[in-house]
Enquirer: 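If you scroll down you'll find the structure; I have some questions about it.
Basis for what follows: all heavy atoms, side chains included, without hydrogens, waters or symmetry-related copies. These figures come from a predicted structure and were not determined experimentally.
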Amino acid sequence: KQRAGEAGGRQEAAAAAARRLQLLEGFSFWGALVALRLHTMQHPDTSGGPPPKKAKLWGGRFRGDTDPVMEKFNNSLRFDKRMWEEDLTGSAAYARAIHRAGIITLEERDVILRGLDKVRQEWESGTFVVVDGDEDIHTANERRLTEFVGDAGKKLHTGRSRNDQVATDVRLWLRRHLATAGGEVCTLLEVMCDIAEQNIEILMAGYTHLQPAQPVRFSHWVMSHASAILRDAQRLTDLMNRVNVLPLGCGALAGHAFGIDRDALAQDLGFGEVSLNSLDTVCDRDFVAETLWWASMMQVHLSQVSEDLIVLNLQRCVEISDAYATGSSLMPQKKNPDALELLRGKAGRLLGHQCGFMATLKGLPRSYNKDLQEDKEPLFDTIDTVHDVLQISAGVFATLKPRPMQLLETLMPEMLATDLAEYLVRKGVPFRETHHIAGAAVKMAEDLQTPLSSLTVEQLQTLHSSFEDDVIAEVFDFEKSVERKSSIGGTSKRSVMATVMRIRQFVDGDLRPLFQRLNGDTSCNMS
């Protein structure tokens, strides 16, 4: 009997192979491969093997199996499972909303909420088991919920589409992480203010075109970069208003058919407002693109400060902590500023995410298209990178040691040529004339192969009679030069400290409390 059964199996397999060969006649190699795959899915082997997969949420109008390559291609659980908490939070709020709308009973609502809590406990403990058919975080959570609570779980998705569900999950996830990033920006700004305040006396060269230009304070240079980071923080607060908008309750594209109260749902989830148009809502990823742009802009600023520090490190003007440097596998003496180089390099990565996602968006028709699944990997990687670079940047500045003498050595008398021109302005000579006179003094010093500060009063007077005996003491003093720039935003001690105080006040009085409230009470409106 066993041999007869085996013979019958061989005959059946041979017949199936013959059918497949007949099917492939007339096809090219690749056409044959596709035809064979489709034939196999439409006529599965029923002689044994594992049981059939569970039906998909959307599988009612389909008959054949999905191509296994398509299964993998379509599956997003490997990366969107990090939104498990937001997905469960949104589902719990939706259960309460559809109960208020009379779609489920109070008992069903409570059963669903208890089931969602059990699913949450599995994720928290690391015991949640993914099974075949869990193609995304929404499918996985709903499948597990239904296993816990039965038919009540099948009612949860009433009126809801994964289109508005995923948009809600992403906004909840992003809102939480942007609030955390906001706190990290505040920490970086505070550290930069600290190092500026502690080193207010140190002078250094300021550059344009990478050429020595005018003397500035080291603190003024630090605050120049802090000012750029402050703008990033301000843009972040503005961005969060547009992130904090509720999509849930829009269905697949046309709205909700059961009279759900979206305002109450928004309040339950802590959203500041409700989206206005269901067609737009399910395909709106402006907030993702804007986040990618914000992160790219901030990373450009961090790249710029990193480049400055790399150059200052090359000049031995600053000392970078061993915590943010590495050595060479060959050269024992090397201390490489790898943290700064990576900070600089990450800018290209984030700019690539932003540019690539904009290209994904540009050709999409209304409304939802599966292309939008491509928002998550660049977004998640960008936010992970943002958290890393902000903490690394704060660490670099907290441990950075400026070297006053080496910084002072970057100064040269020619950097005071503008001060020489301004000396004559104070004597009543028009600036356009004084500019030419100061330029002639620089040329005279070059011709004599002597520093500009070594020219005598008599030599300067050959250029203009308004030069007096005090010119050398008044002009060729770096400290006096920086102190003369005393207007708001200047490099005098008073002006720099005023900038430090204003940034501290903005961080302590506005930014940090805002981001702390957002992490705790998400119902606050950013404006």
Side-chain angles (χ1 to χ4, degrees), residues 41 50-95 97-98 103-104 108 111-173 247-253 256 269 282-283 285 367-377 379-380:
M41 289 186 295
K53 297 177 182 178
K54 292 185 177 181
K56 298 181 182 298
L57 296 180
W58 44 265
R61 60 95 59 227
F62 290 83
R63 289 297 175 263
D65 288 342
T66 307
D67 185 330
V69 176
M70 178 58 189
E71 289 270 8
K72 180 181 177 182
F73 194 58
N74 185 58
N75 191 292
S76 62
L77 184 60
R78 63 183 174 82
F79 52 83
D80 67 19
K81 64 183 179 182
R82 69 193 304 171
M83 299 190 300
W84 66 264
E85 185 174 2
E86 286 74 21
D87 191 69
L88 293 173
T89 298
S91 289
Y94 191 72
I98 60 176
I103 299 170
I104 60 174
E108 288 172 327
V111 167
I112 290 172
L113 292 178
R114 286 194 296 270
L116 290 170
D117 191 50
K118 290 180 180 179
V119 179
R120 181 185 300 272
Q121 290 172 18
E122 287 192 343
W123 281 109
E124 289 175 343
S125 64
T127 58
F128 187 98
V129 177
V130 174
V131 302
D132 286 344
D134 289 348
E135 64 185 37
D136 53 42
I137 187 59
H138 328 295
T139 308
N141 280 341
E142 183 174 337
R143 184 266 308 164
R144 189 62 176 139
L145 170 68
T146 305
E147 289 174 352
F148 276 129
V149 304
D151 287 345
K154 296 177 182 179
K155 294 185 176 183
L156 176 61
H157 208 59
T158 305
R160 182 174 69 167
S161 165
R162 285 185 297 177
N163 296 354
D164 61 342
Q165 185 178 1
V166 68
T168 304
D169 289 359
V170 174
R171 286 177 183 269
L172 287 170
W173 183 90
L248 196 56
C250 285
L253 76 163
H256 203 281
L269 287 170
V282 297
C283 64
R285 294 299 185 274
S367 59
Y368 182 83
N369 295 272
K370 198 58 177 277
D371 312 51
L372 294 175
Q373 183 168 292
E374 293 299 304
D375 64 347
K376 293 169 196 63
E377 289 181 283
L379 178 64
F380 294 159

Enquirer: Does a side-chain heavy-atom distance below 4.5 Å link Leu156 with Glu142?
Expert: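 Side chain of Leu156 against side chain of Glu142, heavy atoms only: no contact under 4.5 Å found.
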
Enquirer: Run the side chain to side chain contact (heavy atoms under 4.5 Å, CB included) check on Lys155 and Ile103 step by step: do they pass?
Expert: CA-CA 8 Å; Lys155 294 185 176 183; Ile103 299 170; 5.9 Å; no

Enquirer: Evaluate the salt bridge (Lys or Arg N to Asp or Glu O under 4.0 Å) criterion for residues Asp375 and Arg285: first the C-alpha distance (whole Å), next the side-chain angles of each, then the deciding distance (0.1 Å), finally the verdict.
Expert: CA-CA 8 Å; Asp375 64 347; Arg285 294 299 185 274; 2.9 Å; yes

Enquirer: Quick one: closest heavy-atom pair of Gln165 and Ser91, and the distance?
Expert: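 Minimum heavy-atom contact is NE2-OG, 4.1 Å.
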
Enquirer: For Leu172 and Leu269, which heavy atoms make the closest approach, and how far apart are they?
Expert: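 Here Leu172 and Leu269 meet closest at CD2-O, 4.1 Å.
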
Enquirer: Kindly say whether Gly251 contributes a backbone atom to a donor-acceptor pair with the side chain of Asn163 at under 3.5 angstrom?
Expert: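 It does not hold such a pair.
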
Enquirer: Cation-pi check for Phe79 against Arg82: NZ or CZ below 6.0 Å from the six-membered ring centre and within 45 degrees of the axis, yes or no?
Expert: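 The answer is no, since Arg82 fails at least one limit relative to Phe79.
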
Enquirer: Output the distance between atom CH2 (Trp173) and atom CE (Met83), rounded to the nearest 0.5 Å.
Expert: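 Separation between the atoms: 8.5 Å.
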
Enquirer: Please examine the side chains of Arg78 and Lys72, heavy atoms only from C-beta on, and report whether any two atoms are closer than 4.5 Å.
Expert: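 No, every pair of side-chain atoms sits at 4.5 Å or beyond.
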
Enquirer: Any non-hydrogen side-chain atom of Gln373 less than 4.5 Å from a side-chain atom of Asp136?
Expert: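 Side-chain contact under 4.5 Å: no.
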
Enquirer: State the CZ-OG1 distance between Arg160 and Thr168, to the nearest 0.5 angstrom.
Expert: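 If we round to the nearest 0.5 Å, Arg160:CZ and Thr168:OG1 are 8.5 Å apart.
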
Enquirer: Strictly distance-based, threshold 3.5 Å: is any side-chain N or O of Asp164 a donor or acceptor partner for the main-chain N or O of Cys250?
Expert: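 Checked: pair present.
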
Enquirer: In Å, rounded to the nearest 0.5 Å, how long is the span from CZ of Arg162 to OG1 of Thr139?
Expert: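 Atom-to-atom, Arg162:CZ and Thr139:OG1 are 4.5 Å apart.
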
Enquirer: Can you tell me how far the CD atom of Glu86 sits from the CZ atom of Arg171, to the nearest 0.5 Å?
Expert: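 Answer rounded to 0.5 Å: 14.0 Å.
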
Enquirer: Do the side chains of Lys81 and Asp134 get nearer than 4.5 Å, heavy atoms only?
Expert: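 Sidechains of Lys81 and Asp134: no contact.
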
Enquirer: If every non-hydrogen atom of Gly159 is compared with every non-hydrogen atom of His256, which pair is closest and at what distance?
Expert: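 Gly159 and His256 have their closest heavy atoms at O-CD2, 3.3 Å.
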
Enquirer: Is there side-chain contact between Tyr368 and Leu253, with at least one heavy-atom pair below 4.5 Å?
Expert: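 Not touching, per the 4.5 Å side-chain cut-off.
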
Enquirer: Shortest non-hydrogen contact from Phe380 to Asp80?
Expert: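 Closest approach of Phe380 to Asp80: CE1-CA, 4.1 Å.
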
Enquirer: For Asn369 and Ser367, indicate whether the former's side chain and the latter's backbone hold a donor-acceptor pair under 3.5 Å.
Expert: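 Flag set: sc Asn369 to bb Ser367 pair under 3.5 Å.
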
Enquirer: For residues Asp87 and Asn141, report the shortest heavy-atom separation together with the two atoms involved.
Expert: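 Looks like OD2-ND2, 2.9 Å.
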
Enquirer: Sort out for me which residue in Gln121, Arg114, Arg120 forms a side-chain hydrogen bond (donor to acceptor under 3.5 Å, both in side chains) with Asp117.
Expert: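 The single option meeting the side-chain hydrogen bond (donor to acceptor under 3.5 Å, both in side chains) with Asp117 is Gln121.
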
Enquirer: Do Trp84 and Glu122 have side-chain heavy atoms sitting under 4.5 Å apart?
Expert: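 A side-chain contact under 4.5 Å is absent here.
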
Enquirer: Which heavy-atom pair separates Leu372 from Lys376 by the least distance, and what is that distance?
Expert: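 Taking every non-hydrogen atom into account, O-NZ, 4.0 Å.
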
Enquirer: Out of curiosity, Leu145 CG to Leu116 CG, how far, rounded to the nearest 0.5 Å?
Expert: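 Answer rounded to 0.5 Å: 5.0 Å.
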
Enquirer: What distance separates Trp123 CH2 from Glu85 CD, expressed to the nearest 0.5 Å?
Expert: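 The distance works out to 12.0 Å.
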
